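Heads up, the thing below is written out as C-alpha cells.
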Amino acid sequence: MKNRTYNILFHTHTVSGIVISVALYVIFFAGSFSFFRDEIVNWERNDIVETTDHMQFNVDAVLDTIAKTHYLHGRDIELKKYYREQQVAVSIAASKDSLAPEEAKAPQFFYINTENFEEHSYLDAYSLGEFLYRLHFFAQIPHPIGYYLSGFVALFFLFAIITGVLVHWKKIIANFYVFRPLEKLKTMWTDAHTTLGMLGLPFQFVYAVTGAFFMIKLLLVAPNVLIMYDGDQAKFYEDLGYAHPSFEPAHKKLQSDVSVVAYMKETQNKWSDFEIFESHIFNYGDDNMHVLLSGHLPYADSFNGVGEVIYKAKTGKIVSEKNPISEQSYVEAVKNILYRIHYGDYGGLALKLLSLLLGFVTCFVIISGVMIWLVARDKKNIPEKKRRFNERVVQIYLAICLSMFPITALSFIAVKVLAPTSQSFVYKFYFVGWLLLTLLFIYKKDNAFTNKISLLLGSFFGLLVPVCNGVVTGNWLFMSIKNGDSSSYAVDLMWLLIAVFGFLVVYKIDKNPEKEKSN
C-alpha cells in the first residue's frame with residue numbers, strides 16, 4: 001500500500017472513530033444489556049416466564065376480558081407477544097362502522113397481564129429493560145432523529161472497521177498476538193486497541209451492518225424498491241412480512257362461537273413446535289370475522305421459519321397460509337437472518353453472556369482508540385494550549401462514557417427497591433444520576449480518578465444487585481436456580497460476573513498505580 005493511501009485510510013479511520021466515539025460507546029454499552037432485555041423486565045417484575053415466543057396463555061379468556069371494558073364488535077384486534085414477558089400488547093383498530101359508539105372510533109393500545117388480566121398503558125408498563133433496550137438506538141430522542149442518529153453512527157462505525165482492517169492488513173496476524181503492557185503508554189493503548197479490535201471484529205462488523213439496516217433501512221433499501229419492485233413499496237413490505245390483508249365487515253353478527261385457542265392448537269398440529277406470537281382478529285364478532293395466527297419455528301432450528309395461517313371464523317376453514325418450512329421469500333429471509341444475528345436470541349444464555357462480553361470489549365476498543373488519539377497528541381512540538389484542549393476533551397468524553405457503569409448498576413437497585421416504577425421515574429433517575437456523575441468527573445479533571453471510581457462504584461452497586469433481589473423478593477440466586485426462574489438467575493449471574501471482573505480490574509490498577517496515574 002502506498003504511503004499516501006495508507007495515510008488517507010489511517011486518518012479517515014481516526015477521524016470517523018473519534019467523531020462517533022461517545023454515541024458509539026452509549027450504543028454498545030446499553031446494547032450489551034439489551035441482550036438481556038426480557039430477562040431484566042421479568043427480573044424487575046419478579047415474573048417467572050417460559051423462554052419461548054409462543055402465547056402460552058388463554059387467548060380466548062384475554063379477549064373475553066377485554067370485551068367487558070372495550071367495545072370490540074366489528075373491530076380489528078391484535079394480540080402480540082413482542083417479548084418474552086408476562087404482558088402481551090393489545091392493539092384495537094378504530095371501528096369501521098359509522099354507527100359505532102364514540103369510544104370505538106379511535107384506535108387503542110395497551111398491555112394486559114396474562115395472569116391477572118390487569119391493563120397497563122405503555123408508560124405504566126415501562127421498565128428498565130425497555131429503557132436500556134431503547135437507549136441503544138437513541139429512542140429517547142424525538143423520532144425519527146434518534147433512530148437516524150444511531151443508524152448513521154452504525155454506518156460510520158462500519159466505515160471505521162473497514163478502514164481499520166485495511167490499515168492493519170499487512171500485520172493483521174502478527175499484531176493479534178502482540179500485547180506489551182509494560183512498554184510506553186501509546187504502545188500499550190495501541191496493542192490493546194488492535195488486539196481486542198481484531199478479537200471482536202466479526203461481532204462489531206455484524207452489529208455495524210445490522211444496526212445501520214434497522215435504523216436507516218428506508219434510505220438503504222429505497223434504491224432496491226425502485227429497481228426490484230418498480231417502485232411498488234406495498235409489495236416490498238408484503239415480502240418483508242410486515243403487511244396484513246384486510247377484510248371488510250358484513251355488518252351482521254356472527255351466530256356461532258369462535259375459539260382462537262382451538263385454531264392455535266390446529267396450527268401447531270400442522271407445524272410441529274410452531275411458536276405463535278401474534279393473533280390478529282379481523283372484524284371481531286362479525287359474520288365476516290377472520291383469525292390470523294403468525295409465528296415461527298424455533299430459532300435454534302431455523303432463522304427463516306416464519307409462517308402464518310388465516311381462518312374464516314364462520315366456517316372454520318383455512319383461507320390462506322404461508323408454510324414456515326417452504327414458503328420464504330428472499331427479501332424476508334435476509335430480514336429474518338439480520339434480526340436473529342442482531343438480537344442473539346438463538347443460542348440461549350451462553351450466547352447472551354458471550355455477546356455481553358464482546359459488547360464490553362467493543363466499549364474498551366472505543367475508549368482505547370480515543371486514548372491513542374490523546375497520547376499521540378501529547379508531544380512537546382504541540383502547543384501547550386492545544387494539548388490542554390485535547391486533554392480536556394478526553395476528560396469530558398471519559399466522564400460521559402464511564403459514568404454509565406455505576407448509574408446503570410444503581411438503577412437496577414432502584415427499580416427493584418421502589419417497584420413498581422414508571423417511565424418518568426426511570427428517565428429521571430437514570431439521566432439525572434448520569435448527569436451528576438458526569439459533572440463530578442468533569443470537575444475532578446482526573447482520568448485516573450474517573451476510571452477507578454467508575455469501576456469501584458459500578459462493581460460495588462453491581463454486587464448489590466443480586467443481594468437486593470434476594471432481600472426484596474426472597475428470590476436469591478440459588479433459589480432462582482432451584483425454582484427454574486431463568487430470568488432472575490440470568491440477571492443476578494450477569495451482575496455477579498460483571499462486579500467480580502470490575503473488582504479484578506481495580507485490583508490490577510492498584511498494583512500498577514504509576515501506569516494508571518500516567519493515563
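Only a predicted model underlies this, so the values are computations on that prediction, with no experimental measurement involved.
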Legend entry - Rounded distance (nearest 0.5 Å) linking atom OG1 of Thr421 with atom CG of Leu128: 7.5 Å
Inset, instruction - Answer whether the closest heavy-atom distance between the side chains of Leu437 and Pro406 falls below 4.5 Å. - result: yes
Legend entry - Phe137, CZ: over 12 other non-hydrogen atoms inside 6.0 angstrom: yes
Legend entry - Under 3.5 Å: donor-acceptor pair, side chain of Tyr207, backbone of Ile341: yes
Inset, instruction - Show your working on side chain to side chain contact (heavy atoms under 4.5 Å, CB included) between Tyr111 and Val90 and close with a plain yes or no. - result: CA-CA 6 Å; Tyr111 288 91; Val90 180; over 6 Å; no
Inset, instruction - Establish, from distance only, whether the side-chain atoms of Ser403 and Thr438 form a donor-acceptor pair under 3.5 Å. - result: yes
Inset, instruction - Apply the side-chain contact (heavy atoms from CB on, under 4.5 Å) test between Gln204 and each candidate in Leu358, Ile366, Thr362; give the one that qualifies. - result: Thr362
Inset, instruction - I would like to know whether Tyr339 and Phe214 meet ring-ring contact (aromatic ring centres under 6.0 Å, His included); could you show each step before the answer? - result: CA-CA 9 Å; Tyr339 267 97; Phe214 292 143; 4.5 Å; yes
Legend entry - Phe503 and Leu456: CA distance, side-chain angles, deciding distance, side chain to side chain contact (heavy atoms under 4.5 Å, CB included) verdict: CA-CA 7 Å; Phe503 281 128; Leu456 274 175; 4.2 Å; yes
Legend entry - CD1-OG1 distance between Ile337 and Thr210, expressed to the nearest 0.5 angstrom: 12.5 Å
Inset, instruction - Specify the closest pair of heavy atoms between Met404 and Thr408, including all atoms of both residues, with the distance to one decimal. - result: O-OG1, 2.6 Å
Inset, instruction - Indicate the atoms forming the closest heavy-atom contact of Ala409 with Gly462, along with that distance. - result: CB-N, 3.7 Å
Side-chain donor/acceptor pairs under 3.5 Å, residues 24-31, sequence neighbours excluded:
none

Inset, instruction - Could you tell me whether Phe110 atom CZ has more than 12 heavy atoms of other residues or ligands within 6.0 Å of it? - result: yes
Inset, instruction - State the NE2-NZ distance between His54 and Lys81, to the nearest 0.5 angstrom. - result: 8.0 Å
Inset, instruction - Consider only side-chain N and O atoms of Asp124 and Ser121, and report whether a donor and an acceptor are under 3.5 Å apart. - result: yes
Legend entry - Between Asn469 and Asn475: side-chain donor-acceptor atoms closer than 3.5 Å: no
Inset, instruction - Find the distance between CG (Leu440) and CG (Leu435) and round it off to the nearest 0.5 Å. - result: 11.0 Å
Legend entry - Closest non-hydrogen atom pair, Tyr148 against Met215: CD2-O, 3.7 Å
Inset, instruction - Indicate yes or no: does Arg134 engage Glu130 in a salt bridge with an N to O separation below 4.0 Å. - result: yes
Inset, instruction - Report yes if the side chains of Leu338 and His342 come closer than 4.5 Å at any heavy-atom pair, otherwise no. - result: no
Legend entry - Passing candidate, side-chain hydrogen bond (donor to acceptor under 3.5 Å, both in side chains) with Gln86, options Asn116, Thr114, Asn113: Asn113
Inset, instruction - For the pair Asp345 and Arg340, find out whether any cationic side-chain nitrogen is under 4.0 Å from an anionic carboxylate oxygen. - result: yes
Legend entry - Euclidean distance, Met479 CE relative to Ser488 OG, rounded to 0.5 Å: 10.5 Å
Legend entry - Gln423 vs Tyr122 side-chain heavy atoms within contact, under 4.5 Å: yes
Inset, instruction - Would you indicate whether Phe460, at its atom CZ, is surrounded by more than 12 heavy atoms from other residues, nucleotides or ligands within a distance under 6.0 Å? - result: no
Legend entry - Under-4.0 Å salt bridge between Glu391 and Arg388: no
Legend entry - Tyr299 and His296 side chains, donor-acceptor separation under 3.5 Å: yes
Inset, instruction - Look at the side chain of Thr163 and the backbone N and O of Ala160, then say whether any donor-acceptor pair between them is shorter than 3.5 Å. - result: yes
Legend entry - Side chains of Arg84 and Asp53 in contact at under 4.5 Å (non-hydrogen atoms): yes
Legend entry - Minimum heavy-atom distance Asp492-Pro466, with the two atoms named: OD1-CA, 3.5 Å
Legend entry - Salt bridge flag under 4.0 Å for residues Arg45 and Glu85: yes
Inset, instruction - Indicate the atoms forming the closest heavy-atom contact of Lys80 with Val88, along with that distance. - result: O-CG2, 3.3 Å
Inset, instruction - Mind running side chain to side chain contact (heavy atoms under 4.5 Å, CB included) on Phe441 and Leu402 for me, showing each step along the way? - result: CA-CA 9 Å; Phe441 294 141; Leu402 296 183; 5.7 Å; no
Inset, instruction - Check whether any side-chain heavy atom of Asn451 lies under 4.5 Å from a side-chain heavy atom of Leu398, and answer yes or no. - result: no
Inset, instruction - Give a yes or no on whether the backbone of Lys445 and the side-chain of Gln395 come within a donor-acceptor separation of less than 3.5 Å. - result: yes
Legend entry - Verdict with supporting geometry, Phe33 and Trp495, ring-ring contact (aromatic ring centres under 6.0 Å, His included): CA-CA 10 Å; Phe33 287 97; Trp495 272 113; 5.3 Å; yes
Legend entry - Stepwise side chain to side chain contact (heavy atoms under 4.5 Å, CB included) check, Val41 with Asp47: CA-CA 8 Å; Val41 171; Asp47 292 337; over 6 Å; no
Legend entry - Student check: side-chain heavy atoms of Tyr147 and Phe138 closer than 4.5 Å: no
Legend entry - Whether Arg37 side chain and Tyr83 backbone form a donor-acceptor pair below 3.5 Å: no
Inset, instruction - State whether a side-chain donor-acceptor pair under 3.5 Å links Ser487 with Trp43. - result: no
Inset, instruction - State, with a plain yes or no, whether a side-chain heavy atom of Cys468 is found less than 4.5 Å away from one of Val417. - result: yes
Inset, instruction - Indicate yes or no for a side-chain donor-acceptor contact from Ser480 to the backbone of Leu477 under 3.5 Å, with no hydrogens or angles considered. - result: yes
Inset, instruction - Test Phe131 against every option in Phe431, Phe425, Phe429 by the ring-ring contact (aromatic ring centres under 6.0 Å, His included) rule and name the one that passes. - result: Phe431
Legend entry - Taking every non-hydrogen atom, the tightest pair across Phe277 and Gly295: CE2-CA, 3.4 Å
Legend entry - Approximate separation, where rounding is to 0.5 Å, of Asn304 CG and Leu297 CG: 10.0 Å
Inset, instruction - Check whether more than 12 heavy atoms from other residues, nucleotides or ligands sit under 6.0 Å from atom CZ of Phe389, and answer yes or no. - result: no
Inset, instruction - Measure from the ring center of Phe501 to the ring center of Phe360 and say whether it is less than 6.0 Å. - result: no
Inset, instruction - Might you confirm whether atom CD of Glu50 has over 12 heavy atoms from other residues, nucleotides or ligands at distances under 6.0 Å? - result: no
Inset, instruction - May I ask you to establish whether Lys352 and Phe35 are in a cation-pi arrangement, using a distance under 6.0 Å from NZ or CZ to the six-membered ring centre and at most 45° from the ring axis? - result: no
Legend entry - Polar side-chain atom of Glu78 near backbone of Ser91 as donor-acceptor pair, under 3.5 Å: no
Inset, instruction - For the residue pair Asn42 and Asp485, establish whether any side-chain heavy-atom pair is separated by less than 4.5 Å. - result: no
Inset, instruction - Would you please say whether a donor-acceptor pair under 3.5 Å links the side chains of Ser34 and Tyr343? - result: no
Legend entry - Tyr430 and its side-chain contact (heavy atoms from CB on, under 4.5 Å) partner, picked from Leu135, Val415, Leu410: Leu135
